Amino acid sequence: ENKEIRLYVTMPSGSSLETTDRTVQEIEKKLDDLAEKLDVISKIEEEQATVTIKLKDKFEEIADRTFAQVKTDINDRTQNIKASSISFTQTQSTRNFQGGSRNMMGSFQKMMGIGTDEEKIVLKGQDFKKLQAVGEDLKYFIDQLESVNTVTLNISDNRPEVHLYFNPLLMTEYDISLSNVLSELNSFSKEIATGIQYKQGVDEYEIIITQKEPVEGETQKTDRNMDELKMVQITDAAGGIHDLQDFTNIVYASGLSGINRVNQEKQIEVNYRFISEAASSKDLLAAYRYEIDELVANYNLPSGVAAEVVHEETDFSEFYFLIGAAIVLIFMIMASVFESLATPFVLLFSIPLAAIGSLLALIITNNSLLSSNTV
């Protein structure tokens, strides 16, 4: 049964992280009063985002609506939000947003003994700078613990940016509109987004106009620099020319490459992994977890920031159900092939018994499982 609905949001080329974030916030507000909604999880990057709507158990009984009807309602709510596209299917530009199946795959790997034993502390709040400061503090303290092998913070390094702060008084005096400024800044960039999607099969590509590659014999232009940006000429309503720096404060800055938010609260995760000894002793693991709990409880959290320690307690009930269903299906197929109920029963249960007997024989004879004689 489907319990999640995903919206893939694609923004125009060149959109900033803040612009995409505002669009996603608008989507989240539209879904505030959705009766079937349990959680809304948003993963935001510069020009694209994924909004996952988790539905409540037995959501069909809440408003007597099917999964398709809930999906249609969500589509109607997000119809008039400004973006290049908001859809339930992935386009070429949103293929890197793979989140839902990874959790299940990680759980399956852990059940098979090949997954990770990573746990985390989830920090929630509205002020991202406070969250980042608390996350860095906790990362430092956890890294000092002998019980922890590695610790990481799930936020990317700050990326260099250039911020433009327009002076509204000077813009009014010079009679310069923002549309004129944006038009000139678009021509300053080497790429111009057309907002037109080109479809080829199941893939979609956005058409972007770029500068042509230099031909042989031509001198190649160097990349744009800060001085050229300051000297970009803007035309006012009367036809006069002004440099961008005449009415704009241009400064170097840094920005985040992505934002994670759950139910309109920003989140940062401090992920850590215990040393290998913790996997072999439940008492040792419990002691290490208590150490983490105490560290977080004794940390003086600033106002507006909440911390939750999430210990890995994987629920394998779904896998057990799938394994049981697979055995039943195999039994039914074998019963139809052999036209007998006893034969498939004997075959199914003799194989695991034979494997157990073989392992016992290897232990008794002191032979390796990887030896050529065993094979």
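Computed from a predicted model, the values in this text were never measured in an experiment.
- Nearest heavy-atom pair, Phe88 versus Tyr8, reported as atom, atom and distance to 0.1 Å: O-CE1, 3.7 Å.
- Linking Ile, Leu, Val, Met, Phe, Trp and Tyr whenever their side-chain heavy atoms come within less than 4.5 Å puts Leu295 and Val151 in one cluster.
- Taking the six-membered ring where tryptophan is involved, the planes of Phe166 and Phe247 are essentially parallel, since the angle between them stays under 30° and well short of 60°.
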Asp143 and Tyr272: side-chain contact (heavy atoms from CB on, under 4.5 Å), yes or no, with the steps? CA-CA 9 Å; Asp143 197 31; Tyr272 57 91; over 6 Å; no

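- One distance of note links CG of Leu348 with CD1 of Ile330; it measures 6.5 Å at 0.5 Å rounding.
- Val134 is listed as a side-chain neighbour of Tyr299, based on a closest heavy-atom distance under 4.5 Å.
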Could you go through the side-chain contact (heavy atoms from CB on, under 4.5 Å) check for Ile292 and Leu145 one step at a time? CA-CA 9 Å; Ile292 296 292; Leu145 300 177; 3.6 Å; yes

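- Placement of Leu178 and Ile234 within a single hydrophobic cluster is found when ILVMFWY residues are connected by side-chain heavy-atom separations under 4.5 Å, directly or transitively.
- In terms of heavy-atom proximity, Lys3 sits nearest to Asp57 at NZ-OD1, 3.4 Å.
- Taking NZ from Lys139 and CD from Gln132, the interatomic distance works out to 12.0 Å, rounded to the nearest 0.5 Å.
- Summarising the geometry, atom CE belonging to Met11 is positioned 8.5 Å from atom CZ belonging to Arg22; distances are rounded to the nearest 0.5 Å.
- Nearest heavy-atom pair, Ala35 versus Lys56, reported as atom, atom and distance to 0.1 Å: O-NZ, 3.4 Å.
- The environment of Glu146 atom CD is sparse: at most 12 non-hydrogen atoms of other residues, nucleotides or ligands sit within 6.0 angstrom.
- Ala49 approaches Ile44 most closely through the heavy-atom pair CB-CA, 4.0 Å.
- What you find for Val24 and Ser42 is that their closest heavy atoms are CG1-OG, 3.5 Å.
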Might you work through the side-chain contact (heavy atoms from CB on, under 4.5 Å) test for Gln233 and Asp243, ending with a clear yes or no? CA-CA 5 Å; Gln233 294 184 334; Asp243 291 339; 3.8 Å; yes

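- The two residues Lys30 and Ile81 have their closest heavy-atom pair at CG-CD1, 4.0 Å.
- Using a 30° and 60° split on the angle between ring planes, Phe349 and Phe345 fall in the tilted class, from 30° to 60°.
- Within 6.0 Å of CG on Leu329 lie more than 12 heavy atoms contributed by other residues, nucleotides or ligands.
- Between the Lys130 side chain and the Ser303 main chain, a donor and an acceptor come within less than 3.5 Å of each other.
- Side-chain atoms of Phe274 and Val148, non-hydrogen and from C-beta on, do get closer than 4.5 Å to each other.
- Hydrophobic clustering, with ILVMFWY side chains joined whenever heavy atoms are under 4.5 angstrom apart, keeps Leu182 apart from Val232.
- To the nearest 0.5 Å, atoms CD (Glu265) and CD1 (Ile41) are separated by 12.5 Å.
- Transitive grouping of hydrophobic side chains (ILVMFWY, heavy atoms separated by less than 4.5 Å) keeps Val337 and Phe331 in distinct clusters.
- Side-chain contact between Leu34 and Asp73 is present, with at least one heavy-atom pair separated by less than 4.5 Å.
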Determine whether Leu185 and Leu244 satisfy the following criterion, side-chain contact (heavy atoms from CB on, under 4.5 Å), listing intermediate values before the conclusion. CA-CA 10 Å; Leu185 288 177; Leu244 183 64; 4.1 Å; yes

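- Counting non-hydrogen atoms of neighbouring residues, nucleotides and ligands closer than 6.0 angstrom, the CG atom of Asn249 exceeds 12 such neighbours.
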Would Asp293 and Arg289 satisfy salt bridge (charged side-chain N to carboxylate O under 4.0 Å, His left out), going step by step from the backbone distance to the final call? CA-CA 6 Å; Asp293 292 338; Arg289 286 177 171 176; over 6 Å; no

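- Here the straight-line distance linking atom CG of Leu285 with atom CD of Glu119 works out to 6.0 Å at 0.5 Å rounding.
- Atom CD of Glu294 sits in a crowded spot, with more than 12 heavy atoms from other residues, nucleotides or ligands closer than 6.0 Å.
- Taking hydrophobic clusters as Ile, Leu, Val, Met, Phe, Trp and Tyr residues chained together by side-chain heavy-atom distances below 4.5 Å, Ile176 shares a cluster with Ile250.
- In this structure, Asp33 places its CG atom where more than 12 heavy-atom neighbours from other residues, nucleotides or ligands lie under 6.0 Å away.
- Between Ile121 and Ile142, some side-chain heavy-atom pair lies under the 4.5 Å cut-off.
- Ile268 has its side chain within reach of Phe128: a pair of non-hydrogen atoms, C-beta onward, lies under 4.5 Å apart.
- For the atom pair NE2 (His242) and OG1 (Thr248), the distance works out to 11.5 Å, reported to the nearest 0.5 Å.
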